[in-house]
Amino acid sequence: MCGIVGYVGPKSTLDVLLGGLRRLEYRGYDSAGVSVIDPVEGLLTRKKAGKLDALISEVTEHPLPISHIGIGHTRWATHGAPTDGNAHPHLGGPHQKLALIHNGIIENFAELKAELTAAGTRFSSETDTEVAAHLIAREFENTGDLPTAFASVVNRLHGAFTILVIHEDAPDVVLAARRNAPLVVGLGDGENFLGSDVAAFVEHTKRAISVGQDQIVTLRRDSVEIHTFAGDKVTPEEFVVDWDASAASKGGWSSFMAKEIADQPQAVADTLMGRLSSSGTVTLTEIDGLSKADIASLDRIMIVACGTASYAGDIAKYAIEKWARVPVQVELSHEFRYRDPIITPNTLVVAISQSGETMDTLMATRYAAERGAKVLAICNTQGATLARESDAVIYTHAGPEVAVASTKALVAQITAGYLLALFMAQQRDTLSSAAAGELGRELLTMPAKVSTVLERLEAVATLGRDMADAKSVLFLGRNVGFPVAMEGALKLKELAYIHAEGFAAGELKHGPIALIETGQPVIVIVPSPRDSETLHPKVISNIQEIRARGAIVIAIAEDGDQLVGDFAEHVIFVPQAEPMFAPLLTVIPLQRFALELSTAKGLDVDQPRNLAKSVTVE
Ligand code: F6R
């Protein structure tokens, strides 16, 4: 959702802001703007509906002077349409000397607006944000001190917000406040930065501070001070960003999504690195806080996540229940806290989130923590709110994921789920050490197998292009193939804007088979025929049932499956693997299929319509 950048220092502020906004584009947005302060001309603002290029044309047509302090914003519309007028920054005060940008929703804006309107303030946008700009400007006129005025107003705001403010009469300082929306500080030498995430400034500095809940940052060239909303000084903890700017660039690929699909062997390998020995033993120092006795006494695990991350949770459920014998429930975060879930002191809540900023997941984990559950996060973003607020974090080392549609973060989340399941099995003695070791060693072979799948994707790419006119595609899977089917359908919906559904293959005859008519494409994730409790014959029967009704079947099957070819129009083979690990392989053709189909339709694969990368509102 909205991207935020702030800068004070010797560099050209416009370059820093536009560079930061470019790197934050992946969050999803529909307008963009910047404000800078020039010693002679004062506060200057440029903003435009549309993509960043529209803003760049605007500053080319109406140039800004070189200045050394400023703020920049990409807006994902909530209150008010994506127009030039609703774009941020918003200006405050009768002389418009204050500029403000905001990510989130100010829930009490109507009441604040009524108060300002009654006092004669004229509004120039339909946003909830503008009230904050006018209130702070008015308070500054009354108090003569910008930090004091800022603190007093943010204390009056309800809802979720990261807010940044600059004022022409206080030209050395950027003020920022954070409640329920992300904010990080970048620490430079004689310069400092603010961003929605580290992507905003990673090309300039790797030293960062993650700002806590209800905290205010006072950012100057040579100092960064942090206080709570109540005015208490905070001693911040610094961290070093562990990826560099090039990791967040396309590096010659046609899209970020194409690059991120190709990054997947590395994402799996990096997530395993240091945690899985060559003998197959799992070490998770991150959850040292949970003793063997704690793990033994767990009565249930609740996994909370949204979208693609929830499918990683579904796969983790199969692995944890099978190997560690703990009951696992997977819940969509936004449903979780509204149904009075049963949480006991022996419940472990595992929150899976690439961004670590998904508001639904944050609210679910806060709810669980308030009721006494321990929260373990599986998260891809250092310094993210989820990571800060959880009792422990297993970081997925997928590197920055820029395309809105999740790919490499998913395989890293699935990998982390396997590690957690094996670790728990070790701690609970529910697998023999020989069996656990064998699974661990097999898991170590997965990065190479993922590479093999990538080498074989041409056929699936052709299929995707050939099916650009499809109106609907169905996906079927069983066991761990079921969440893969759901993920295949989600990718197609979000990237190609066509109807797609994932079903458990066994569910077909209970209703969905009525959808099958001549020419209906169905992608089937076929389980391994080698599994002792194999579902293979059952899925082959499902394929026969749908083909008899005219479906065109594309099967994703493992090497050596002799039978499947007789029953499907197309077969995409992936290497043989332990059946529990197959999702790491079978999901990849589905990602590429969606990418090709979307590209063939001329759509923007990295930034699909209406979507944002980080969903920071409920
Ligand atoms: C789909 C996708 C989303 C995210 C979901 C959760 O491709 O990316 O469904 O998985 O919005 O996001 P995180 O993992 O950041 O909590």
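Positions are given from 1, in the same order as the sequence printed here. Here the structure is a predicted model, which means the values were calculated and not measured. When a ligand or atom number is given, it counts from 1 through the structure's own listing order.
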Taking only heavy atoms of [X] into account, list the atoms of ligand 1 that are under 4.0 Å away from them.
X: S353; answer: 13 (P), 14 (O), 15 (O), 16 (O)
X: K491; answer: 1 (C), 7 (O)
X: G307; answer: 9 (O)
X: S355; answer: 13 (P), 15 (O), 16 (O)
X: A405; answer: 7 (O)
X: E494; answer: 1 (C), 7 (O)
X: A309; answer: 10 (O), 14 (O)

E238 atom CD, over 12 foreign heavy atoms within 6.0 Å: yes

Residue portion contacting ligand 1 (non-hydrogen atoms closer than 4.0 Å) for E357: neither

Taking atom types as modelled, is there a side-chain donor on [X] or [Y] under 3.5 Å from an acceptor on the other?
X: Q591; Y: E260; result: no
X: E401; Y: N380; result: no
X: K491; Y: T308; result: yes

In the protein, which heavy atom is nearest to [atom], and how far is it?
atom: atom 14 (O) of ligand 1; result: Q354 N, 2.6 Å
atom: atom 11 (O) of ligand 1; result: V615 CG2, 4.3 Å
atom: atom 12 (O) of ligand 1; result: T358 OG1, 3.5 Å
atom: atom 6 (C) of ligand 1; result: C306 O, 3.4 Å

Test log, rule ring pair (Phe, Tyr, Trp, His ring centres under 6.0 Å), inputs F503 and F475: CA-CA 6 Å; F503 296 109; F475 294 76; 9.8 Å; no

Could you list the donor-acceptor pairs under 3.5 angstrom formed between side-chain atoms of residues 381-389 and any protein atom two or more places apart in sequence or on another chain?
from	atom 1	to	atom 2	distance (Å)
T381	OG1	Q354	O	2.8
T381	OG1	S355	O	3.3
Q382	OE1	D242	N	3.0
Q382	NE2	V240	O	3.2
T385	OG1	R178	NH2	2.5
T385	OG1	E357	OE1	2.6
T385	OG1	E357	OE2	3.2
R388	NH1	S210	O	2.9
E389	OE1	R366	NE	2.7
E389	OE1	R366	NH2	3.3
E389	OE2	R366	NH2	2.8

Sub-4.0 Å heavy-atom approach of V404 to ligand 1: yes

Nearest heavy atoms of A421 and A324, plus distance in Å: O-CB, 4.0 Å

Options T308, L410, V304, I378, ranked by nearest heavy atom to atom 9 (O) of ligand 1, top entry: T308

R456 to F573, cation-pi by 6.0 Å centre distance and 45° axis angle: no

Nearest-0.5 Å distance that lies between atom CG in D360 and atom OG in S353: 10.0 Å

